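Values in this document were obtained by computation on a predicted structure and should not be read as measured data. No hydrogens, no waters, no symmetry mates; every other heavy atom, side chains included, goes into these values.
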Amino acid sequence: MNIRITASLFAATSMLAFAVPAFADTDLKIFVSSQHQPDVWRKVLDKYEAANPGVKVAIETGGNTSEAQAQYLNTVMSAKDTNLDVLMLDVIRPAQYAAAGWTSDFSGKDMSVYLPAYAEANTVDGKIVALPAFADAMFLYYRKDLLDKYGITPPKTWEELATATRTIAEGEKNPDLQGLSFQGKAIEGAVCTFLLPYWSQGRNLVENGKLTFDHDAAVTALKLWKDFVDQGVAKKNIAEVATDDTRKEFQAGTVAFAVNWSYAWTHFQGAESAVAGKVGVTRLPALGSGEQASCLGGWEWGVSAYSTHQDEAKKLVEYLSGEEVSVFMAANGSLLPTYAAAYKNDEVLKAVPWFADALQVVETAKARPVTPRYNEVSEVIRTTVNAVLAGVTTPEDGASQIEARLKRILR
């Protein structure tokens, strides 16, 4: 989807950028995850450079999963490398990076302008350690044309979804058409895969800093996904599927339903998409009579503590986390805004109409545990989910393994 960039969109931002004297002869480098529209961020940075003569901003991209990006950034930060000035961080990482002393504080910043979840995610021990880049949550994408063809309404429960995939499969008789794609690979997305039906049962992993693991709910959650594999709703090798694999499969027209983040929408509507104009988006289903739950996502801008351009980098991050940029990235990159008002913005809704219903999902999406030891929590869950889906362990044993290991981590 090609959206024309209007001059008016950045008028207010340009005025703000000019309001503070530009820093002369400054070269900044920012790290942007490769799957989150670096080409669109480049247009934003071009505008910033035009408003700040003498400042040049280079983009470094890397990793198509949160783990790959974190692994690289952890290495850079551990080495106290001054090469990177600004870091794009998964919403689960600010607490970890702050605890390690890898990011600089934004003292005095008014965080009330952002959606509450992101103000909270970027505030650690009373210190503002990063600013929001964009919001996110998981959604259910579906083939509107196929549901219309078979008179199916978007499913509100996972059980309804399984039934819908069987109806479509029987009618299409296409062995290459999958029912549902989700993240089964041992990546961060698999943590959300586990939590969606777990949360739907009204259970939480952590409350007030203490582990509140429900073994039976965990077994039910793991069994749901394994049954989908065994019943043919999902493909046999779903344990190899990462986030962008799901996006590519759905975009190629080989999937009826897909669990993914907001960034996928632009790809689905692109010139190379086999499903452009045929895609619907809705809230993720509930498990039985439980509540519909989504996993809170989003990405944040952190300034490296080792940057030799602290003031310049912070000024850039203030710009990138501003409302005008948030609106632009929503309209041109399908990245959910971190400002509530932007969900009613005419330009955003013209480009991405379904964002009109996205705010409620983002505001009610559940956050993964915020802890400096989150990497260990994530590793336990994602590797166990992967093992269950691969048939290496059973849902019952998987739940017991998660419980035992989390008890040691979150004492």
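No donor-acceptor pair closer than 3.5 Å links the side chain of Glu291 to the backbone N or O of Ser200.
Between the side chains of Glu60 and Tyr72, a donor-acceptor pair is found at a separation under 3.5 Å. A donor-acceptor contact under 3.5 angstrom links the side chains of Ser321 and Tyr114, judged on distance only. In this structure, a donor-acceptor pair under 3.5 Å is absent between the side chains of Ser273 and His267. A side-chain donor-acceptor contact under 3.5 Å links Thr246 and Gln183. Side-chain contact check for Asn122 and Glu300: at least one donor-acceptor pair (N or O, by modelled atom type) lies under 3.5 Å. With 3.5 Å as the limit, one finds a donor-acceptor pair spanning the side chains of Tyr97 and Asn74. The closest side-chain donor-acceptor pair between Gln310 and Ser104 falls under 3.5 angstrom. For the residue pair Tyr374/Asp90, the side-chain donor-acceptor check at 3.5 Å is not satisfied.
The ring pair (Phe, Tyr, Trp, His ring centres under 6.0 Å) test applied to Trp41 returns Trp301, not counting sequence neighbours.
The side-chain contact (heavy atoms from CB on, under 4.5 Å) test with Pro369 is passed by exactly one of Leu205, Ile92, Asn204, Val191: Leu205.
Phe268 and Tyr141 have perpendicular rings, their planes meeting at more than 60° on a 0 to 90° scale where under 30° would count as parallel. In this pair, Trp225 and Trp158 present their aromatic rings perpendicular. The plane angle is above 60°, beyond the 30 to 60° band. In this pair, Trp299 and Phe134 present their aromatic rings parallel. The plane angle is below 30°, not in the 30 to 60° band.
Put simply, CE on Met111 and CG on Leu115 are 11.0 Å apart, with the number rounded to the nearest 0.5 Å.
Under the 6.0 Å cut-off for aromatic ring centres, Phe355 and Trp265 do not qualify, their centroids lying 6.0 Å or more apart.
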Self-check item: Candidate pair Gln96 and Arg373, rule side-chain contact (heavy atoms from CB on, under 4.5 Å), full reasoning
Solution: CA-CA 7 Å; Gln96 172 201 342; Arg373 300 190 69 179; over 6 Å; no
Exercise. Run the numbers on Glu379 and Arg405 for salt bridge (Lys or Arg N to Asp or Glu O under 4.0 Å), then give the verdict.
Key: CA-CA 10 Å; Glu379 193 271 339; Arg405 294 172 69 186; 2.9 Å; yes
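Residue pairs meeting the ring pair (Phe, Tyr, Trp, His ring centres under 6.0 Å) criterion with at least one partner in residues 381-406, sequence neighbours excluded, are absent.
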